[in-house]
Engineer: 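I have a structure I would like to understand better, so I am pasting it below and will then ask my questions one at a time.
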Amino acid sequence: MVTIEDVRSIALSLPRSYEAVVRDRVKFRVGRIVYLALSRDETILGFGFPREAREAMVAAEPELFLMPGQSELRYNWLHVRMAPLDSSHLEELVIDAWLMVVPRRVAEAYLTSSDQRA
C-alpha cells in the first residue's frame, strides 16, 4: 500500500509541482491546475487522466480504479484506491497526470533528462 508520503515524494520531485491544502484536502498543482488530489481520509487519489480512456481503465481494473463523482465527470479526472496500489504504478500515474498539465517544453526537458538517467 502506498501512502501520502509516497505521493508527496514523487509529486514534489517534479518541476513546477507544489503542494496545497484546500478544504482539508491535500492537492498537488502546477500553477493553478490541480493534477492530484487526495481524499480527506487519504484512501483515494484523484488524478488527471484523459476522459475518453477512463471507462476502459475502470472496466479493466475495477478493484483499483473508480469513476470520479458526478461533479467531476466533465474534467480529465479518475480515481484510484490507494490500498491495492504499488509504488511503481503510483509513480507512473503521478508522472502521467503531471505531464498533462505542464508546458510541453517542461515535459520534454523532464523526459529527456529521465531517459539519460535510465
Side-chain angles (χ1 to χ4, degrees):
M1 177 176 151
V2 296
T3 66
I4 186 173
E5 292 307 320
D6 299 319
V7 174
R8 182 176 283 127
S9 174
I10 298 165
L12 294 180
S13 72
L14 299 169
R16 299 190 182 191
S17 181
Y18 68 95
E19 183 175 339
V21 177
V22 180
R23 296 188 190 113
D24 299 324
R25 292 183 60 194
V26 174
K27 299 183 179 208
F28 293 90
R29 296 179 173 181
V30 170
R32 295 184 57 162
I33 302 171
V34 175
Y35 72 97
L36 298 173
L38 285 135
S39 61
R40 283 186 177 85
D41 64 2
E42 299 175 3
T43 60
I44 304 289
L45 175 66
F47 60 99
F49 191 81
R51 266 185 297 217
E52 59 278 358
R54 64 182 169 200
E55 286 185 17
M57 185 70 97
V58 172
E61 295 184 81
E63 68 287 346
L64 189 58
F65 297 102
L66 57 151
M67 293 293 284
Q70 188 68 31
S71 64
E72 297 173 323
L73 287 176
R74 67 179 185 236
Y75 301 111
N76 289 317
W77 203 250
L78 188 61
H79 289 170
V80 64
R81 293 175 178 90
M82 297 275 284
L85 191 60
D86 64 47
S87 58
S88 62
H89 203 170
L90 171 68
E91 183 174 21
E92 181 183 335
L93 295 175
V94 170
I95 291 171
D96 287 349
W98 173 81
L99 287 169
M100 290 179 66
V101 300
V102 293
R104 181 175 295 149
R105 63 182 162 66
V106 174
E108 288 171 355
Y110 175 81
L111 293 172
T112 301
S113 71
S114 58
D115 283 345
Q116 292 173 357
R117 285 180 273 178

Engineer: Considering residues, nucleotides and ligands other than E42, do more than 12 of their heavy atoms fall under 6.0 Å from its CD?
Structural biologist: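 Yes - once you tally the heavy atoms of other residues, nucleotides and ligands closer than 6.0 Å, there are more than 12.
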
Engineer: Enumerate donor-acceptor pairs with a distance under 3.5 Å from any side-chain N or O in residues 87-108 to protein atoms, sequence neighbours excluded.
Structural biologist:
residue: S88; atom: OG; partner: D86; partner atom: OD1; Å: 3.0
residue: W98; atom: NE1; partner: P15; partner atom: O; Å: 3.0

Engineer: Per the side chain to side chain contact (heavy atoms under 4.5 Å, CB included) rule, which among L38, L36, V34 passes with K27?
Structural biologist: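 The single option meeting the side chain to side chain contact (heavy atoms under 4.5 Å, CB included) with K27 is V34.
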
Engineer: Same cluster or not: are M1 and I4 linked, directly or through other Ile, Leu, Val, Met, Phe, Trp or Tyr residues, by side-chain heavy atoms under 4.5 angstrom apart?
Structural biologist: no

Engineer: List the atom pairs, donor and acceptor, that lie under 3.5 Å between side-chain atoms in residues 57-78 and the rest of the protein, sequence neighbours left out.
Structural biologist:
residue: E72; atom: OE1; partner: H79; partner atom: NE2; Å: 3.1
residue: N76; atom: OD1; partner: R51; partner atom: N; Å: 3.1
residue: W77; atom: NE1; partner: H79; partner atom: NE2; Å: 3.4

Engineer: Do the side chains of Y18 and V26 join up, straight or via other hydrophobic residues, at under 4.5 Å, putting them in one cluster?
Structural biologist: no

Engineer: Please identify each residue that fulfils side chain to side chain contact (heavy atoms under 4.5 Å, CB included) with S9, with sequence neighbours left out.
Structural biologist: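 In terms of side chain to side chain contact (heavy atoms under 4.5 Å, CB included), with neighbours along the sequence ignored, S9 is linked to no residue.
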
Engineer: List for me each residue that meets ring-ring contact (aromatic ring centres under 6.0 Å, His included) alongside F47, sequence neighbours excluded, and say none if there are none.
Structural biologist: F49

Engineer: Only counting residues at least two apart or in another chain, list the ones meeting salt bridge (Lys or Arg N to Asp or Glu O under 4.0 Å) with R8.
Structural biologist: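 Once residues adjacent in sequence are excluded, the partners of R8 under the salt bridge (Lys or Arg N to Asp or Glu O under 4.0 Å) criterion are E5, E19.
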
Engineer: Looking at S17 and A11, what are the two nearest heavy atoms and their distance?
Structural biologist: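 Looks like OG-O, 2.9 Å.
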
Engineer: If I take atom CG from residue L85 and atom CD1 from residue I44, how far apart are they, to the nearest 0.5 angstrom?
Structural biologist: 10.5 Å

Engineer: Give the cluster check for I33 versus L14: same hydrophobic cluster or not, with ILVMFWY residues linked at side-chain heavy-atom distances below 4.5 Å.
Structural biologist: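 Yes, one cluster joins them.
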
Engineer: Mark yes when over 12 heavy atoms from residues, nucleotides or ligands other than R40 sit less than 6.0 Å from its CZ; otherwise mark no.
Structural biologist: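 Result for CZ/R40: enclosed.
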
Engineer: What residues, two or more places apart in sequence or in another chain, satisfy side-chain hydrogen bond (donor to acceptor under 3.5 Å, both in side chains) together with T3?
Structural biologist: D6

